Amino acid sequence: MEKVTLEIEGMTCNGCVKSVNKVLESLSGVSSVHVTLQPGEAQIEFDPNLTDINTLKQAIEGAGFDVSG
Ligand code: 9UX
């Protein structure tokens, strides 16, 4: 498993946090997700054979947020 922390812009409430959690958990290859509002970020554990950081970023952006790091 590989771990990454992505900085997320645009989450303003816990509903947003839940949305981001949900889209990330639904991706194949993602084994653990921890999203926080303050700071706005997601800590993700994933299998690099099944997914990659770009896919994770695109899922977050598809949910309506910006990934800055
Ligand atoms: Mo709360 Mo976050 O209504 O969009 S989910 S601001």
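Counting starts at 1 for both ligands and their atoms, following the listed order. What's counted below: heavy atoms across the whole structure, side chains too, no hydrogens, waters or symmetry copies. Please read these numbers as outputs of a predicted model, since none were measured by experiment.
Atoms of ligand 1 found under 4.0 Å from any heavy atom of T12, numbered from 1 in the order shown, are 2 (Mo), 6 (S). Using a 4.0 Å cut-off to heavy atoms of G15, the atoms of ligand 1 that qualify are 5 (S).
Nearest to atom 1 (Mo) of ligand 1 by heavy-atom distance, out of A63, C16, C13, G64, is C13.
The CD atom of E9 sits 12.0 Å away from the CZ atom of F65 when rounded to the nearest 0.5 Å. Rounded to the nearest 0.5 angstrom, C16 SG and N21 CG are separated by 12.0 Å.
Residues D52 and F46 come closest through the heavy atom pair CA-CE1, 4.2 Å. Shown here for A42 and I8, the closest heavy-atom pair between the two residues is CB-CD1, 3.7 Å.
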